[in-house]
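Below is one structure, written out as structure tokens, with a few remarks after it.
Note that these values count all heavy atoms, side chains included, but never hydrogens, waters or copies made by symmetry. Chain identifiers are assigned alphabetically (A, B, ...) following the order of the sequence lines, protein sequences preceding nucleic acid strands; residue numbering begins at 1 within each chain.
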Amino acid sequence: MNLFTLFHSHVLAVIDGLVASGTLPAGLKTAAVTVEPPRDPSHGDISTNAAMVLAKAAGMKPRDLADHIAAGLKAVDGVTAVEIAGPGFINLRVAFGLWADVLRHALRSGTGFGDSDIGQGVKVNVEYVSANPTGPMHVGHARGACVGDALANLLAKAGFDVAKEYYINDAGAQVDVLARALRARYLVACGAITQDEFDRQLAAKEIQYGGEYLVETAEVLKARDGERWVNAPEEEWIPALREFGIAEMMKMIREDLDLLGVRHDVFTSELGMVQSGEVVRAKELLDSKGLLYVGVLEPPKGKTPDDWEPRPQTLFKATDFGDDVDRPLMKSDGSWTYFASDIAYHGDKYRRGFTQMIDVLGADHGGYVKRMQAAVRALSDHQAELDVKLCQLVKLLENGEPVKMSKRAGTFVTLREVVERVGKDVVRFIMLSRKNDMALEFDYAKVTEQSKDNPVFYVQYAYARIQSVKRHFVAAMPGTDLSAAALAGADLSLLADSDEQALVKLIACWPRLVEAAAEVHEPHRIAFALTEVAGAFHALWNKGRENADLRFLIADNPALSLARLALLEGVATVIASGLDVLGVVPVEEM
RNA sequence: GUUCCCGUAGCUCAGCAGGAUAGAGCACCGGAUUCCUAAUCCGGGGGCCGUGGGUUCGAAUCCCGCCGGGAACACCA
């Protein structure tokens with residue numbers, strides 16, 4: 001239930017009526033007509049730009065057209081006043097009862113409040129995390145995980161048919177590197193080489209992924225296979241240890257994601273794409289469209305790599321689809337590039353019925369966006385669209401001081417470490433407390449601080465405070481039915497204070513906000529909105545401190561108390577509904 | 001050199017797919033506190049929205065140029 005959607009249709013109906021009566025010409029384009037809350041509340045409850053947008057096509061002055069539309073809107077049920085302002089805005093005031101209806105609806109809907117059908121069941125694939133299976137996840141991955149998960153939840157709430165997906169990069173050179181690192185740890189575990197020798201190899205960069213996490217993996221391997229890989233030839237242990245290592249790393253990654261409360265619906269293997277022939281199939285598809293050719297790429301301008309040499313390669317005509325240069329599908333040794341298997345993967349998504357795809361990636365993948373979008377357009381004949389959300393880095397701070405991290409030395413801060421220290425709900429909220437393409441500061445001290453400056457606390461505190469009021473109510477007026485259904489039956493017309501009414505209206509804007517956030521793929525808006533709602537609630541609470549008449553519980557006025565409690569329950573409902581999108585659990589008591 | 005992101009109050013950031021006088025928090029200044037949780041509260045000052053053009057009835061928002069900051073730039077993933 002979205003009051004603005006409702007009035008949007010009222011406005012369009014009035015315009016249709018004006019067309020029917022000959023006041024307006026037929027065939028007007030009404031797509032630009034918006035119905036929204038005015039920024040300044042003194043302008044009314046609902047505002048539309050219809051007259052300004054349609055004036056030219058109608059051959060009328062905006063304010064004259066506004067007069068006609070306004071006349072029609074005056075007749076709409078619940079409209080108490082219509083004003084024409086500024087260059088031709090039509091401002092409506094509606095009976096408080098309409099807003100109260102939305103509040104009642106919220107109470108009956110619970111966390112389902114704000115659910116929408118704008119997605120119309122369209123299939124959307126959200127791919128996120130997709131960390132290489134070569135080690136534990138670090139804080140950077142956590143951001144992508146939280147953004148992707150919240151975005152997927154948001155789209156599901158807005159009525160899309162969403163799949164949460166993880167792409168396992170298990171086919172490239174890096175998993176061979178993993179196999180080598182695991183083998184070295186394994187040799188140490190078997191006593192075949194000394195720890196000193198291992199350290200020397202690591203220092204000499206003969207092996208990478210030197211983190212301690214492989215020590216245990218090597219032990220597990222030894223327990224399973226004994227010493228059979230110590231003297232086995234490389235062509236045997238590489239695939240065996242690679243497979244084992246990937247499986248162990250994925251197990252670890254899934255455990256970490258689980259700690260964060262992130263659960264993907266689908267895990268797709270790059271290796272599987274290659275082995276099942278999907279990559280060849282994708283190549284043939286592009287070939288059949290005439291989009292492949294063998295050519296030599298220009299060296300990058302300005303900065304030619306030292307080892308650059310002209311090489312004929314199989315290239316995809318990405319430039320036909322908006323990219324800057326054509327992109328190679330095969331390496332000079334004839335093996336597939338990562339891009340090739342990713343094309344196959346996205347082609348596979350399209351075949352599975354996804355016409356909307358979203359990839360959540362680290363900002364360092366920025367150069368990859370255009371080519372992948374080009375590939376999706378090419379594969380789907382422009383039927384599918386790919387949106388890429390790039391996440392800027394997370395700066396970990398300890399009381400304002402940057403936490404030193406060196407991935408090379410294997411001393412990066414893991415996702416697990418952060419989650420175990422501050423809790424998953426804090427991580428999930430904070431990761432959404434900034435737009436995805438802005439750098440984010442994550443200060444251990446600040447994110448757990450119990451103060452107004454900490455948005456997680458601020459929002460949770462609002463929810464907990466409301467629960468506290470309910471407990472007081474029960475104590476003061478035992479036996480009162482405080483179920484959502486009972487509260488929905490309260491006489492909401494008793495909410496007479498301007499701030500109370502403003503809060504009701506803010507609650508009523510929630511469905512509209514969810515829809516807007518879903519449409520632009522911006523889950524952070526949910527976090528910001530919750531902070532705003534919590535702020536309005538806290539302000540009302542404080543007003544009651546100065547003016548006892550405005551407290552929520554008025555001992556000798558149960559009806560008023562119940563109405564106010566309904567309002568608070570509405571606030572709690574919005575918070576619960578929003579936290580649900582973020583994957584955060586509301587707290588009952590603090 | 002090319003591409004992408006960013007530039008809004010002293011600081012950290014919002015800005016609702018172009019709307020009416022640009023918002024919040026911190027900091028600063030001035031007040032308040034026997035009260036449902038002081039885990040503070042109320043009020044105030046403060047901004048040619050980087051810059052120059054363009055589109056429009058109307059631009060922080062869209063387009064182009066420039067300036068400044070970050071990132072990525074043949075076969076890595």
Side-chain angles (χ1 to χ4, degrees), chain A residues 32 34 36-40 43 47 49 52-53 55-56 61-62 85-89 91 130 132 134 169 171-175 270 296-305 307-311 313 315 323-325 327-339 341-342 362-370 388 390 392-393 433-435 437-439 441 449-455 457-458 461 464-465 468-473 475-476 509 512-513 515-517 519-520 522 524-525 528-529 531-532 535 538-539 541-548 551-554 561 589-590:
Chain A
T34 59
E36 53 194 12
R39 193 179 337 218
D40 184 344
H43 290 142
S47 174
N49 64 356
M52 293 180 291
V53 174
K56 188 176 272 183
K61 289 181 186 167
F89 287 101
N91 296 326
S130 299
N132 287 340
T134 54
N169 300 133
Q174 81 285 353
V175 286
E270 181 188 3
V296 179
L297 288 175
E298 299 275 314
K301 298 227 161 50
K303 196 176 183 180
T304 305
D307 57 348
W308 191 88
E309 55 185 52
R311 278 192 286 258
Q313 293 172 302
L315 299 173
D323 201 354
D324 308 305
V325 289
R327 305 290 181 175
L329 288 189
M330 282 177 159
K331 303 178 198 171
S332 45
D333 66 1
S335 64
W336 296 112
T337 58
Y338 177 79
F339 182 46
S341 55
D342 217 4
D364 55 339
H365 290 69
Y368 194 68
V369 176
K370 280 189 178 179
V388 179
L390 296 176
Q392 269 294 347
L393 80 169
S433 66
R434 201 116 299 178
K435 212 157 47 174
D437 51 14
M438 298 289 277
E441 289 192 352
E449 188 175 81
Q450 299 201 329
S451 79
K452 196 172 184 282
D453 310 337
N454 178 2
F457 170 79
Y458 196 57
Y461 184 37
R465 253 185 168 173
S468 166
V469 175
K470 282 159 83 174
R471 287 189 293 271
H472 278 274
F473 195 112
C509 285
R512 177 186 142 80
L513 192 130
E515 288 179 358
E519 275 177 13
V520 296
E522 293 187 352
H524 75 278
R525 289 191 187 189
F528 280 94
T531 309
E532 188 185 349
H538 288 305
W541 175 291
N542 291 321
K543 215 173 165 185
R545 268 205 330 230
E546 313 222 328
N547 179 355
R551 292 197 194 147
F552 305 130
L553 304 184
I554 306 295
S561 300
E589 208 169 346
M590 302 185 87

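Y458(A) meets the side-chain hydrogen bond (donor to acceptor under 3.5 Å, both in side chains) test with no other residue; sequence neighbours excluded. The salt bridge (charged side-chain N to carboxylate O under 4.0 Å, His left out) check on D324(A) picks up K370(A), with sequence neighbours excluded. Considering only residues two or more places apart in sequence or on other chains, D437(A) meets the side-chain hydrogen bond (donor to acceptor under 3.5 Å, both in side chains) condition with none of them. With sequence neighbours left out, the salt bridge (charged side-chain N to carboxylate O under 4.0 Å, His left out) criterion links E309(A) to R311(A). K435(A) is linked by a salt bridge (charged side-chain N to carboxylate O under 4.0 Å, His left out) to nothing, counting only residues two or more places apart in sequence or in another chain. Under the side-chain hydrogen bond (donor to acceptor under 3.5 Å, both in side chains) criterion, E522(A) pairs with R525(A), sequence neighbours left out. By the side-chain hydrogen bond (donor to acceptor under 3.5 Å, both in side chains) test, N49(A) pairs with T34(A), sequence neighbours left out. In this structure, K331(A) has no salt bridge (charged side-chain N to carboxylate O under 4.0 Å, His left out) partners at least two apart in sequence or on a different chain. Take H43(A) and apply the ring-ring contact (aromatic ring centres under 6.0 Å, His included) test, not counting sequence neighbours, and it matches no residue.
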* Between S341(A) and E270(A), does a side-chain hydrogen bond (donor to acceptor under 3.5 Å, both in side chains) hold up when you go through it step by step? -> CA-CA 7 Å; S341(A) 55; E270(A) 181 188 3; 2.7 Å; yes
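Put simply, the side chain of T337(A) gets close to the backbone of L329(A): a donor and an acceptor are under 3.5 Å apart.
S451(A) comes within contact range of the sugar-phosphate backbone alone, with a heavy-atom separation under 4.0 Å but no base atom that close.
The listed nucleotides are rG19(B), rG25(B), rA74(B); the one nearest the side chain of P87(A) is rG19(B).
Nucleotides of RNA chain B nearest to E519(A) and M330(A) differ in position, and the one nearer the 5' end is that of E519(A). Positionally, the nearest nucleotide of RNA chain B for G86(A) lies more toward the 5' end than for the other of G86(A) and S335(A).
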* To do: Give RNA chain B the dot-bracket treatment, 5' to 3': Watson-Crick (N1-N3 with N6-O4 or O6-N4) or G-U (N1-O2, O6-N3) under 3.5 Å, [ ] crossing, | other strand.
  => (((((((..((((.....[...)))).(((((.......))))).....(((((..]....))))))))))))....
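In terms of polar N and O atoms assigned as donor or acceptor, the side chain of T337(A) never comes within less than 3.5 Å of the base of rA77(B) in a complementary pairing.
Between rC76(B) and K331(A), a contact under 4.0 Å exists linking OP1 or OP2 to a side-chain N or O.
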Between the protein and nucleotides 35-37 of chain B, which nitrogen or oxygen pairs are less than 3.5 angstrom apart?
from, atom 1, to, atom 2, distance (Å)
rC35(B), O2', R551(A), NH1, 3.0
rC35(B), O2', R551(A), NH2, 3.2
rC35(B), O2, R545(A), O, 2.7
rC35(B), O2, R551(A), NH2, 3.4
rC36(B), O3', H472(A), NE2, 3.1
rC36(B), O2', H472(A), ND1, 3.4
rC36(B), O2', H472(A), NE2, 3.2
rC36(B), N3, F552(A), N, 3.4
rC36(B), N4, W541(A), O, 3.2
rU37(B), OP1, S468(A), OG, 3.0
rU37(B), OP1, H472(A), NE2, 3.1
rU37(B), OP2, H472(A), NE2, 2.8
rU37(B), O2', Y461(A), OH, 2.8
rU37(B), O2', R465(A), NH2, 3.3

* Asked: How would nucleotides 8-14 of chain B be written as a contact map, 5' to 3', with B for base contact, S for sugar-phosphate-only contact and - for no contact, using protein heavy atoms under 4.0 Å?
  -> ----SSS
